[in-house]
Amino acid sequence: MIKATRNTASVMNTVVLATIPATLCLVWFYGPGVLLNLLLCIFTALACEAGVSVLRQRPFKHTWADRSALVAAILLALSLPPITPLWLPICATAFAIVIGKQLYGGLGQNPFNPAMVGYAAALIAFPREMSLWPQTWGSTGLSISELSGGYSNLAWDAISSATLLDASNTALRAGHALPSIELWQQPASWVALCWIIGGCWLLYRQIISWHIPAGLLVSFALLASVFYLVDPSRYSSPLTHLFSGACMMAAFFIATDPVSAPAHRHARLLYGACIGLLIYVIRTWGSFPDGVAFAVLLMNLAAPALDHLWRGRV
Amino acid sequence: MKNTSVFHGGVKLQPQKVPVSLPTARLAEQPRYDVPLTTRGGHYSEPHTEVGAYVLGGQLIAGGRSKVGVHAPTSGTVESIHTDEGDTRIVIRADGLQQHIAKRSAIACEEATLDMLREAGLTGMGGAGFPTADKLQAALNGAPKLLIVNAVECEPMISCDAQLIAEDAKTLLYGADWLRRFVGAELCKIVVEDHNPASVEYLKAAQHEMTYSGLSISSVPTRYPAGSERQLVHAITGKELVAGARPLDNGVLVQNTATVHALARWVQDGTPLTERLVTVTGDACSQPQTLWCPIGAPLSALLEHTGVSVGTTELFQGGPVMGIALKDSSGAVAKHTQCLRIEHQSAPLNTLACIRCGLCSDACPEHLLPQQLHWQLLGDNLPGAQAERLPHCILCGCCDLVCPSNIPLSQQFAEGKAALRLRQHTEQRAAKAKRRVDARNVRMEILAKEKQERLAKRKAGTKKTDKQKAVAEAMARSRAKKEASDKANKEND
């Protein structure tokens, strides 16, 4: 039998490897809380997969073997704030795997990106806990024991601070000038760079095609440029937008999830472009700090329609 | 010789070809032959012979003129004519004398007719098994400009064409030139894959000797399925065939190497198609080789000849991509049998759910979206699958090769295509029946109307005929007369 060397598990393994730079970068800036989130999410995801498999009377070894839950768990963990209470990653992951993936029939059947389902659910249900981004690890002065145990005794406002996006948003609403932070000074820029590195590796290994990231980044950057050119005092520069928040992660790791994306390459370009547009709109005029999860989920909804519009003739 | 433009998609595969070795091996004379009467596409030829009849090698035993000819592979007696699972075979018990029918002189292409070619028993030997005469009939109507002799053999392992070119390139060129003139094409190209420079050398040497006009030798990059007609025409002419079009629509006729060679042998001295080259290979085969096998030779004899190790093996007819599994070795060599593969039993691949990664659509040479077809067929949505252009799938199996979830896509598509054809057939029949009933209803309506009109006319006619009018007038007159005479009588009284 002649068979391609690539299988679903190896595809997923490659994605896991591609998240390593961003993981290391997040740990460097935000400390071991990131790793704790990772552990919690992975453990919860595997437990949920096994649990649902038992309920559905399927062997859970097969479910684990495809590694898709692992990827969803890692992406979710890396988008959660690093000093969040312990139950949050568990709740978010359980929601992502059980409601977002397994209730639809498991691997390949979910219309929505499971990681984003978990993230959006957590963001709506626990907005305060979901905004606990420390400026950097050193600034919090917390130890891992404090993180895991005594969270209720801490004065959160003292240790957490707004991200650049938050600060820009607040300033915009209040009519103040935009915060003057240099890009390289905020951790998110370096994390974004790491996502780009991982994404380029995925492109090189042909795990993802260039269409969705290109569509997303181009439309996002164009939109940001237009508004920046119109009024630079009110709108952040396109570079600030690109290297803040989860834009790069969305472009290379979230929007490119093939299960919930359309199939045709033209449809993928448009799909990416619409996500870019929605991220900018939600970021700039919405009430949430970043729009990635909602933008991706909204376009997940549109994917079947795009599939219907572009048929054959790739 | 330059590499021409390549078609969309496809998969780069290791050729793993069975090496060519001269002289070509030949299967030993068998005591019994099961000559099939049905081509792969289901064209059946009526037998001419009877049980107990003595036949010579090359003698026509079924078909002819209007149907594909079937010839006895060697001399012997007809033991039985039996049908097994819809597949009719003539069983010939060989007498070991190997007497053959007399040879004749060469036929010029101006004298040849399609019926003669049909009688020669030629069918597509590249795997499809379509009657060559039928294809040439279309070609004569389509007036092709270019004839492509397809020696690409893009499936790994198979090396029938390479072996044939090494052994007898001259006859092949003769056949190619004859066919080019027969269909009236200006040019003829013999195409091989570029991993096989030896074939090009053999062909060039033969062409150097024969110097046919309008004949050239070219190669295409090694990429499966370069040997598929539509992809080959794209690679050679640089023009892609539009969806659903045949090569003839672009003025190209594609013929398989073995078919052209068989045609040449028949043209030269009247030798009909009674034997072909078969590659026997696979990891359970100790001496992989390509050998001449009479049509109808039992597959078990081929296995014996090539030293197949006994044990748990699986048998396939055809190459590693498109080959089909055989239940056992009870079958016989047919005109489209290119390859027999004997593999050690492998663990079945673990099929996972589709993750819509899109590798299949990158690989599809027909620009389809196999993952979308997969979903449509999974939901039994045949109209949806048709909208995704299922009928244009050429079943090359590229999607199977690249699928990370090991989904047997092309098998699903083959079933879907069959279901779609059946559905269309049923719909056509239903439409035809409806037209018939509608026509009948209209006819009955007209008849009923005419009848009514006739009745109405007759009824109206009874009141107003002249004769009756005259009678009535006469009666009225006589009544008046009578009344007048009565009146007169009364007055007289």
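Computed from a predicted model, the values in this text were never measured in an experiment.
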Can you say whether [X] sits under 4.5 Å from chain A via the side chain, the backbone, both, or neither, judging by heavy atoms?
X      : value
B:L373 : neither
B:L352 : side chain
B:E155 : neither

inquiry  = Under a 3.5 Å threshold, yes or no: a donor from one side chain and an acceptor from the other, between B:T279 and B:K17?
reply    =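 Looking only at side-chain atoms, B:K17 and B:T279 do not form any donor-acceptor pair under 3.5 Å.
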ask   = Do B:D194 and B:T222 have a side chain donor and acceptor closer than 3.5 Å?
value =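 Note: B:D194 and B:T222 side chains meet the donor-acceptor criterion.
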Max heavy-atom pair count under 4.5 Å with chain B, selected residue of A:R268, A:Q206, A:H308 =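 Sorted descending by pairs with chain B, the first entry is A:R268.
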query = Should B:R223 and B:E193 count as an ion pair when the cut-off is N to O under 4.0 Å?
reply =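 Looking at B:R223 and B:E193, the cut-off is not met.
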Most contacts with chain A, counted as non-hydrogen pairs under 4.5 angstrom, among B:C357, B:G358, B:G397 =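 So the answer, after comparing B:C357, B:G358, B:G397, is B:C357.
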query = Which region of A:A261, side chain (C-beta onward) or backbone (N, CA, C, O), has a non-hydrogen atom less than 4.5 Å from a non-hydrogen atom of chain B, or is it both or neither?
reply =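 Just the backbone, heavy atoms under 4.5 Å.
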inquiry  = Suppose we screen for side-chain hydrogen bond (donor to acceptor under 3.5 Å, both in side chains). Which residues come up paired with B:S410, at least two apart in sequence or across chains?
reply    =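 So B:S410 forms a side-chain hydrogen bond (donor to acceptor under 3.5 Å, both in side chains) with B:D400.
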task = Mark yes when over 12 heavy atoms from residues, nucleotides or ligands other than B:Q287 sit less than 6.0 Å from its CD; otherwise mark no.
result =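 Yes, because the 6.0 Å sphere around CD of B:Q287 holds more than 12 heavy atoms from other groups.
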